[in-house]
Amino acid sequence: MKHYRTFWLLLSMMMVGSFTLTSCVDNQDNPAGGGGGDKDKKYVERLFPVVDPHNKSLGTVMLRFYEDMPNVAYINISRYHEIMYPGTTVLVQKTGEGQYALTSSCGTAKVDTQKDLFASNDYEAFTNMMGMVQAGMPNTTYDALPIIRWKSLDASPKQVDVTLDYGKYGIDIREDDGDVFFPFATISDLYTDGFMHLSDFNGQVVMVAPDGAYSLENGYPEFLIKPLLKDTRTADMVDYNYKNLCFTLTNFFGYPGRTLLEKSMKEKGLDQALLDYGKAGQMTRELLLSKDMYDYFSGCSTLSCLLFDGGHTYTDLTIINPLDPKSDFAQKLIPIAQTKVKEFLDYCPEYQPISQARADNSALRTQLNKLREEKIGKGVHYTKVGNTAYCQFDSYMCDDSGWRKYYKGEGPKPTIKEYPNDWLVILIDAIERAQSDPEVKNFILDTSTNGGGSSDIVTFITSLFCDKPDIYYENTLTGQKMKCSYDVDRNLDGKFDEKDKNVKLNMNIGVLISGNSFSCGNLLPALLKDYGICLLGKQSGGGSCCVLYNPSPEGFGYRYSTHRARLNNLKGENIDEGIKPDYELDVNDFFDIAKVGQLIEQFYAK
């Protein structure tokens, strides 16, 4: 579960100008929503460069453009799998008229091109690319920080039959000469995983992210987005883009439980939910279906309000797509979007409490930061008062480069001297200092302004504090409950061995939380409360779903709470409502270390 920042990456890109023009007859295919076979379905094939997020060449790929959808790229599933997971492919076997059996390196699926259905009893295995991260690993949550490694995954039930009805949304899966072709964005949505292995096509270049989230920490690269910033959109792209968005969000949204639209969307689908939502929903739908790019951007912003879940879901295209505010496009977009959003908000008064809660939380964060600076000191991450040690811990992200070198034997163990601003190093340094100090009896981990990051670091902490290296979640599409377990290098000697079991903390642990403890900042207290660790402060801010970056058919990126992992507590309950502390604190008492230390001692004396 990750948070990222928008960035401006100045790169240039040249398109490979190699085209193959072909005409074919695809008589076996059935158009989405149609009643008969296609006839004389002509297409052109074009060769495009494949690059990584740094614009480094990874080869080329052939994409297909049909005459009835000339701006919508199709790709055969075998070639798609090959570019996503080099060295592997999908075996496609025709089993009947429009019927195909698909076999990947990890799983199987079936496709019906007449009804436009995809079915599998383990679709996550079929699309699994996590073997690139750790050999033999299933399709689960892991950010590959070297301090932990995946160990096991227990699913209940073990397998669930899933049928994805693309035809219901007017998305056409096509066949030709014993092969199966998906719209590029549609198959990309199916494959994109929690590590953020993804692909995108902007009409000029295919971008894939072999290193997942680590190569997209600051958003989609500018070279991918800049060619898309045009005034208008083509009719076929408008139509397909909306259908694909409706399919993806209806089926793959994580449904955390707090958004304005999700109850209706889950029951009826996104399109009908927008129609039924009154003027706010209908206006959003019209904007999303506009050929005007500025109106479309505005519709993505208003949809983002309807799906706001605390900070994971942003369909607003300005969030992860770099827009130069001084560019002509941005200068034209800003007044249009402001006007449209204002009109939307007039139609949607129920968003006002959400907006106010966001403002209140922001004010609380400012207040906490000011109080911390006054009482503890600016930039002070570790201090001690009497028998109580304190550590400010503001992010579950870290600079993993030093750790990777260390675990490869290519560098020393990272220390606070070399990495003074790295939150993982700050945490480890604080624990080591407190543990080695005979006066310290209590340890305060301050996550009151921690907005999230990597669940790998949550696992590292729960292993140290409680000897519990597990994450619990559910797949909201299949209904499966998951327990994912990890090995943890608890002594940080660069090895996973029996010595790790000997690491024990001899301190009373207390964790400060607030409404700004979001995402992983919410997951840690959820697990620790069930493990019997003392929580103090105010109720945490929720954020139960892992996040996916997703491509739109045009090539823009957006992000949303994914069905793949809605995080739970040990009882299997959704944690999006936040976690209540054992001791409610007045804001002015958050950084009264002596008082908080006494409460921690009181908790463990019970």
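Everything quoted here is computed from the prediction, not taken from an experiment.
- Open room surrounds CD on E577; 12 or fewer heavy atoms of other groups in view lie less than 6.0 Å from it.
- Using modelled atom types and a 3.5 Å distance limit, the side chains of Y80 and S199 yield a donor-acceptor pair.
- In this structure, the ring of H563 has its center no less than 6.0 angstrom from the ring center of Y255.
- The shortest heavy-atom contact between N568 and E474 is OD1-OE2, 3.1 Å.
- Side-chain polar atoms of T478 and Q480 form a donor-acceptor pair below 3.5 angstrom.
- Relative to the ring axis of Y277, R285 does not place its NZ or CZ within 45° and under 6.0 Å from the centre.
- Relative ring orientation between F201 and F184 is described as tilted, the plane-to-plane angle lying within the 30° to 60° band.
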Legend entry - ring pair (Phe, Tyr, Trp, His ring centres under 6.0 Å) assessment of F247 paired with Y166: CA-CA 7 Å; F247 174 88; Y166 290 101; 4.2 Å; yes
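- Outside the 6.0 Å centre-distance limit, the rings of Y85 and Y191 are not counted as a close aromatic pair.
- A donor-acceptor contact closer than 3.5 angstrom is absent between the side chains of H81 and S104.
- Residues S517 and N450 have side chains that never bring a donor and an acceptor to within less than 3.5 angstrom of each other.
- In this structure, K151 fails the cation-pi test against Y486, since its NZ or CZ atom is not both closer than 6.0 Å to the six-membered ring centre and inside 45 degrees of the ring normal.
- Residues N244 and D189 have side chains that bring a donor and an acceptor to within less than 3.5 angstrom of each other.
- With L306 as the partner, the side-chain contact (heavy atoms from CB on, under 4.5 Å) test is satisfied by one option alone out of I354, L274, T259, T313: L274.
- Each of L427, V511, L512 was compared with F393 under the side-chain contact (heavy atoms from CB on, under 4.5 Å) criterion, and only L427 meets it.
- Taking a cutoff of 4.0 Å between a charged side-chain nitrogen and a carboxylate oxygen, D530 and K468 do not qualify as a salt bridge.
- N516 and T449 are not linked by any side-chain donor-acceptor pair at a separation below 3.5 angstrom, with hydrogens and angles left out of the test.
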